[in-house]
Amino acid sequence: MTPSLERSDRPLALSRSVLGLLIKLNLMLGILIFGLLISTLVAQGPVMRALGAIPSPDNGRVIFGMRGIMVIGVLATPVLHLIFTRLLAIVETVKAGDPFIGINADRLQTIAWAIIGLELMHVAVVILANGVTVGTQKVDIGDKFSITPWLTILLIFVLARVFDQGARMREDLAGTV
Amino acid sequence: MPIIVRLDDVLHHRRMSLTELSDRIGITLANLSVLKTGKARAIRFSTLDAICQALQCQPGEILEFVAAVDADDKPVPENVA
């Protein structure tokens, strides 16, 4: 292997390692959030105090909001898993030296739809957090709207089409004598 | 595809093997086999030119259009997508 190829393989190897780690971390976090959700049902008082919810007669809405956010957190785990595994599959095709295949266009499209799902979940979390705020009891999740994820989604959809066209052109070229 | 490749027939008339043609025009035997068996999706003008020069023939002797027809002998439109 030439030195330039070795250099270009380094980010690829790093991407594979990072994605492998992210897949594991995401699953662990999903299990942790699920565990936290269950513990709020089993031992509501101590867990909510630990999370900063001050016991008062009207904190029921805050507890409801926190549980709702935990449910969304659990639901986000399979969506993130979908993104990481599809991305890893794309990286594997790059490693194999054959990334311009139709299935990678499908994978990119799946990733774009999954990011849309995540963004909608983010919106739901913001609505939930703002909706359950009672007096000084506030569920703080950082509700700043950002255009970047939506631009990323657009970019990924465009890239998916580019991959699709590229794969077709490559297929045509492969059959050209 | 209704384009039939007659390379085998022309080679037979010229008493030339596919390997010999491959050596003469510098196109791999594998690619010529793809062309000969009608599995090619496209042919470059440069390839056609080289084959015609080596076999001293016209493109029409190598490629023939045969319209695809259905059970009622009506032409079936070819999908080019």
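Protein chains get the first letters and strands the later ones, always in sequence-line order, with residue 1 at the start of each.
- There is a path of hydrophobic side-chain contacts, each under 4.5 Å, that joins A/Val42 to A/Phe34.
- With respect to chain A, the highest number of heavy-atom pairs below 4.5 Å among B/Thr47, B/Val34, B/Ile27 belongs to B/Thr47.
- Two different hydrophobic clusters hold A/Leu108 and A/Ile103 under the rule that ILVMFWY side chains link at heavy-atom gaps under 4.5 Å.
- Under the 3.5 Å distance criterion, the side-chain polar atoms of A/Arg16 are left unmatched by any main-chain donor or acceptor of A/Val91.
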**Residues A/Ile116, A/Phe157; criterion side chain to side chain contact (heavy atoms under 4.5 Å, CB included); working and verdict** = CA-CA 11 Å; A/Ile116 287 180; A/Phe157 272 121; 3.8 Å; yes

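- Taking hydrophobic clusters as Ile, Leu, Val, Met, Phe, Trp and Tyr residues chained together by side-chain heavy-atom distances below 4.5 Å, A/Ile38 shares a cluster with A/Ile63.
- Under the 4.5 Å side-chain heavy-atom criterion for ILVMFWY residues, a single connected hydrophobic cluster contains both A/Leu118 and A/Ile23.
- Residues of residues 13-24 of chain B lying under 4.5 angstrom from chain A, judged on non-hydrogen atoms, do not exist here.
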